[in-house]
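These values consider heavy atoms only, across backbone and side chains, with no hydrogens, waters or symmetry-generated copies. Residue numbers start from 1 in every chain, and the chains themselves are labelled A, B, ... in the order their sequence lines are given, proteins ahead of strands.
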Amino acid sequence: MCANRVRSGLSVLGIVFGVAAVVAMLAVVEGARNDVLERLSRLGTNVLFVHSKTENSGVERGLQYGDAHRLAHISSLIDMVAPAVVVDLRKHESVIGVTPSYMSVRQLFLQSGRALTDVDLKNRARVCVVGREIVGSDGSTVGLGDVVHVNSQMYQVVGIIASEKSSKDRSLGSLLRNHNNAILIPMTTLPKSSNVVDDAILLTEITIRTSDAKDLVATSEVVERALSQGQLSKPSVEIIIPRQLLREEQHAQRVFASVVGCVAFIGVLVGGIGVMNIMLANVAERCKEIGIRRAVGATKKQIAMLFLIESILLTLFGGVGGLILGAIASHGIARFGGWSVSISIWSILLAFGTAGIVGLLAGWYPAKRAANLDPVDAMRRE
Amino acid sequence: MESNTNIVDVRGLRKVYRETETHVVALDNVSLTVHGGEFVAIVGASGSGKSTLLHLLGALDTPTSGVYELNGKNVATMNDDDLSVVRRTDIGFVFQVFNLIGQLTVLDNVSLPLRYTGIKDCDAEVRALESLTRVGLSHRATHLPSQLSGGEKQRVAIARALVIEPALVLADEPTGNLDSQTGCAILELFETLHRDGHTIVVVTHDENVAKRADRVITISDGNIVRSEVNA
């Protein structure tokens with residue numbers, strides 16, 4: 001093996017690429033799984049979104065506060081409803097008109113201060129709860145008691161939202177918004193809104209929390225029926241179940257993983273054949289050595305082990321190369337593909353396991369041939 | 001130094017090589033004994049069967065029929081694993097073409113038989129170095145065989161044969177690849193081993209080798225035709 005480093009190196013290239021593909025595939029699958037779990041944990045596994053498809057222009061009926069009010073009472077499946085109006089009035093910052101249930105349904109926590117209350121809503125109090133990255137007019141981060149300007153109105157900060165991990169989520173879009181840059185104000189204080197009891201306030205979305213994650217599909221059907229019942233026209237909405245969206249994304253990643261898996265399989269197979277070939281050449285070249293070893297007392301098993309260990313070592317070297325290449329490839333996928341990737345200890349073990357097993361299988365036949373050589377004949381060969 | 005104990009006891013040994021339709025009788029009803037400490041030379045023309053006999057005595061091959069007892073063990077009926085054990089515990093081989101492994105150092109070549117016995121590496125190296133000292137090559141321990149002269153290679157091969165303290169040293173034309181001066185030095189080494197009490201069987205064409213043996217056995221057409229004790 002050491003005597004023919006270049007030849008041995010070339011023969012394990014297949015293993016290197018195969019193992020690299022295995023590592024990259026597992027990194028994508030593992031990353032996608034972690035990503036989904038992280039996003040689900042942020043959104044909650046038991047939420048669905050009713051998202052308005054129209055602008056607040058009024059030609060086509062949009063989602064209204066009255067819809068949210070009705071949905072809150074139509075079924076025992078629905079635990080809580082959080083209507084919201086998102087107005088991106090400030091650069092890089094979202095102003096969201098909400099009711100007190102919003103933070104609870106969205107699983108937002110306070111770092112300090114208090115949340116918005118029904119009293120704030122009713123009194124149209126000019127108060128707000130802000131994310132940690134909101135800055136005041138002087139450029140410094142705002143704190144409790146500070147004042148922020150929204151559409152030339154002043155709002156006093158009464159609460160700071162605990163920092164959230166930012167996300168570059170594509171499939172969930174604005175639903176998984178970054179609240180670090182959000183200003184939550186009572187919905188009734190939004191420009192143009194008239195009154196909290198005015199059911200005609202046009203909403204951007206309603207977030208609905210169900211009692212049980214299993215009821216999401218049933219709840220979405222109930223919501224869809226409820227939105228069209230007793231109304232002159234059905235609002236133009238889209239009902240989104242994050243878990244289903246994520247499943248679609250996961251499916252796409254699984255397809256990618258399957259393709260890469262096939263590449264990995266072919267790579268490992270070709271690599272295995274390469275290693276077997278090099279080991280057969282080794283046996284042929286080292287006939288005399290095998291004969292000498294047998295003559296001085298090596299058993300067939302000891303000769304077979306000599307070649308098996310060499311074969312396994314060769315593929316393990318390939319495994320190390322594949323692991324490094326796979327890590328680089330995973331990094332590339334993460335950087336240019338925008339997918340989350342994660343190399344777990346299991347994928348490292350699997351990479352080495354695959355390399356070791358390929359080494360064992362590829363080395364078995366050459367080792368058997370070496371062991372079965374007749375010592376006298378073997379010593380005569382040059 | 002010769003004792004009455006038989007190290008080699010061969011009775012009615014027969015070796016037939018089966019080819020597709022013909023049988024080649026390489027050895028036919030060969031019987032011989034070699035006492036402990038005896039130096040025996042086996043001579044004969046090419047194809048007479050002397051190499052076949054050496055391979056059988058060296059447990060590298062098994063006879064078609066007959067009895068072969070080495071140091072009291074019935075080798076003729078042993079399986080492959082047991083033959084390997086006999087080779088690494090009772091037999092030291094010296095070949096005409098040295099048969100050293102080119103990628104291993106002199107020390108590793110000499111310690112090779114010990115490594116198959118399960119002895120610790122460090123102990124094996126100590127014993128190998130002792131064996132190299134006996135043949136006067138301890139200073140070459142870290143060299144590769146390609147860095148040695150023919151005579152040195154053969155002395156390394158002898159050190160490898162001696163490292164296991166074998167009951168029987170077998171040599172196949174040990175001077176065949178050496179010039180006469182180096183050959184003489186190797187023969188003197190064999191004589192020293194003989195004086196130290198080693199049992200030696202040498203297959204040779206070289207009359208000088210045969211002259212130094214206690215007994216010369218002549219083989220022809222697979223049979224022992226003569227056994228003469230040198231004066």
Leu104(B) portion near chain A, given a 4.5 angstrom heavy-atom threshold: side chain
Quick one: what part of Asp61(B) sits under 4.5 Å from any heavy atom of chain A, side chain, backbone, both or neither? neither
Is any NZ, NE, NH1 or NH2 atom of the basic residue among Arg134(B) and Glu130(B) found under 4.0 Å from an Asp or Glu carboxylate oxygen of the other? no
Ser111(B) and Arg115(B): side chain donor to acceptor below 3.5 Å: yes
Scored by heavy-atom pairs under 4.5 Å with chain B, the best of Gly291(A), Ala298(A), Pro375(A) is Ala298(A)
We want to know whether Arg87(B) and Tyr116(B) form a side-chain donor-acceptor pair, criterion being a heavy-atom distance below 3.5 angstrom. no
Taking Thr117(B), Ile91(B), Leu60(B) one by one, which has the highest count of heavy-atom pairs under 4.5 Å against chain A? Leu60(B)
Is it the case that the side chains of Ser84(B) and Asp81(B) hold a donor-acceptor pair, with the cut-off being a distance below 3.5 Å and no angle test? no
